Amino acid sequence: MQNRSLVSITDYNKEEYLEILRIAALLEGNPNRDILSGKVVGTLFFEPSTRTRLSFETAVQRLGGKVIGFADAGSSSVVKGETLKDTIRMVSNYVDLIIMRHPLEGSARYASEIATVPVINAGDGANQHPSQTLLDLYSIQKTQGTLENLNIFLIGDLKYGRTVHSLLMAMSHFNPTFYFISPGALKMPVEYKMFLHSKGIRFFEYPEFIDIICEADIIYMTRVQKERFSDPIEYEKNKNAYVLNRAILENTKPNVRVLHPLPRVNEIDVDVDDHPKAYYFTQALNGVFVRQAIIAEALDLTRHINV
Ligand code: CP
């Protein structure tokens with residue numbers, strides 16, 4: 001890879017996805033390796049996060065590196081009016097790698113053009129969340145034994161949910177069939193459907209999933225993204241659109257697994273949490289190993305991970 005930033009899931013090709021998953025599996029076997037000794041990583045989170053920030057920071061620490069950064073833009077000089085451009089220019093002087101979450105779509109690409117070090121996009125508005133996608137691929141491969149020819153159900157907020165946008169693009173390399181289940185106001189945006197058309201990938205759209213859930217290999221639930229609604233009444237109308245519960249899972253294939261990028265609000269009932277088909281907490285754990293692999297790739301250190 002020329003520019004080792006990871007801004008969009010399309011910055012990697014199919015072989016590179018599979019290489020990240022291979023390295024992540026090695027790291028899962030032994031996550032404590034000293035390959036980041038002497039390196040400093042900056043985590044700049046202009047939006048709230050639990051999993052992404054903490055799993056990236058765990059990943060750095062377990063690889064022997066150090067972390068600086070902020071979890072809240074309110075504690076940075078952004079509140080004094082400093083621009084994103086100046087912030088990135090400054091932080092580039094301090095660190096070897098920047099991991100950034102920002103509410104503006106396109107902000108990660110912009111940052112990568114200014115930074116003198118690689119930038120990893122930890123989520124830019126409703127646009128992309130590529131490290132989440134790679135951990136989703138890892139979770140799908142681990143649970144299904146393959147990424148090829150799967151029936152993937154994407155359920156919930158398909159308009160604002162950046163994780164489903166990145167996942168759709170990545171999975172398009174593996175001949176999936178997609179089932180999009182969303183309220184009318186939160187449908188998959190047309191540009192992503194056109195992308196699937198251009199790749200010859202099948203997809204179906206439904207307002208409900210109960211009668212077709214028996215077809216699923218992966219059930220990928222998403223939260224209705226309250227923070228992206230300009231009209232609170234629209235959010236109230238859609239917030240309880242779907243709730244997956246244990247009874248619904250009765251009518252599913254043995255291999256099906258329930259994924260969710262988390263945080264969950266109420267779209268998966270807690271009675272699913274200890275069901276053998278629930279995988280979302282393990283999925284979040286997988287994020288540490290996959291993010292270790294992404295960091296190693298960004299810093300050109302994967303050759304040190306052989307076993
Ligand atoms: N999945 C995810 O991005 O979670 P956080 O918002 O907690 O980082």
Side-chain angles (χ1 to χ4, degrees), residues 6-9 20 24 41-62 67 69-75 97-105 107-108 111 119-140 142-143 152 154-171 186 218-229 235 239 244 257-268 270 272-273 278-295:
L6 175 59
V7 170
S8 164
I9 196 65
I20 291 287
V41 173
T43 54
L44 313 186
F45 277 67
F46 295 86
E47 265 196 341
S49 167
T50 297
R51 275 146 296 275
T52 308
R53 187 174 66 82
L54 295 181
S55 62
F56 263 122
E57 294 189 357
T58 302
V60 173
Q61 312 253 15
R62 289 196 180 279
V67 178
F70 50 81
D72 172 10
S75 66
L97 173 69
I98 292 173
I99 298 166
M100 185 180 90
R101 171 171 288 187
H102 196 282
L104 282 184
E105 296 174 25
S107 53
V119 172
I120 296 174
N121 180 6
D124 61 329
N127 187 31
Q128 289 248 342
H129 195 348
S131 68
Q132 177 71 46
T133 297
L134 288 162
L135 79 88
D136 293 342
L137 295 188
Y138 186 73
S139 300
I140 293 169
K142 257 182 91 174
T143 60
I152 311 281
L154 303 178
I155 302 177
D157 184 349
L158 307 186
K159 178 178 180 184
Y160 297 119
R162 58 193 171 199
T163 65
V164 292
H165 302 158
S166 298
L167 182 61
L168 171 156
M169 296 177 99
M171 283 303 295
L186 299 177
I218 292 292
I219 301 171
Y220 194 98
M221 299 297 295
T222 64
R223 174 178 67 91
V224 177
Q225 307 269 304
K226 182 178 185 182
E227 65 275 28
R228 314 262 177 243
F229 282 76
Y235 172 71
K239 69 177 184 184
L244 182 71
R257 290 295 177 274
V258 180
L259 273 59
H260 191 310
L262 303 177
R264 152 183 62 184
V265 182
N266 62 352
E267 57 280 355
I268 302 179
V270 292
V272 177
D273 290 357
Y279 195 73
Y280 30 94
F281 292 120
T282 308
Q283 177 189 0
L285 169 63
N286 290 339
V288 173
F289 317 123
V290 172
R291 289 180 168 124
Q292 286 184 303
I294 292 169
I295 291 165

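Predicted, not measured: the structure shown is a model, and the values here were computed from it. One-based numbering, in listed order, for ligands and for the atoms of each.
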S.K.: With a 3.5 Å cut-off and no angle check, do the side chains of Y235 and D157 form a donor-acceptor pair?
M.R.: no
S.K.: Rounded at 0.5 Å granularity, tell me how far NE2 in H260 sits from OG1 in T222.
M.R.: 6.5 Å
S.K.: L262 versus ligand 1: do any nitrogen or oxygen atoms come within less than 3.5 Å of each other?
M.R.: yes
S.K.: Specify side chain, backbone, both or neither for T163, according to which of its non-hydrogen atoms lie closer than 4.0 Å to ligand 1.
M.R.: neither
S.K.: Any nitrogen or oxygen of Q132, side chain or backbone, less than 3.5 Å from one on ligand 1?
M.R.: yes
S.K.: Give me the atom names and distance for the closest heavy-atom approach of I9 to Q128.
M.R.: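 Shortest heavy-atom contact: N-OE1, 2.8 Å.
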S.K.: Check ligand 1 against T50 and write out every atom of the ligand that is under 4.0 Å from a heavy-atom position of the residue.
M.R.: 5 (P), 7 (O), 8 (O)
S.K.: Look at atom 6 (O) of ligand 1 and say which protein heavy atom is nearest, naming residue and atom and giving the distance to 0.1 Å.
M.R.: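 Ranked first by proximity to atom 6 (O) of ligand 1 is R101 NH1, 2.9 Å.
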S.K.: Considering non-hydrogen atoms of the protein only, which is the closest contact for atom 1 (N) of ligand 1, and what is the distance?
M.R.: P261 O, 2.8 Å
S.K.: Taking only heavy atoms of T52, which atoms of ligand 1 are found under 4.0 Å from at least one of them?
M.R.: 2 (C), 3 (O), 4 (O), 5 (P), 8 (O)
S.K.: Under 30°, 30 to 60°, or over 60°: which ring-plane class applies to F70 and F46, parallel, tilted or perpendicular?
M.R.: perpendicular
S.K.: Do R101 side-chain atoms and P48 backbone N/O form a donor-acceptor pair below 3.5 Å?
M.R.: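 It does hold such a pair.
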S.K.: For the atom pair CE (M171) and CD1 (I218), what is the distance rounded to the nearest 0.5 Å?
M.R.: 8.0 Å
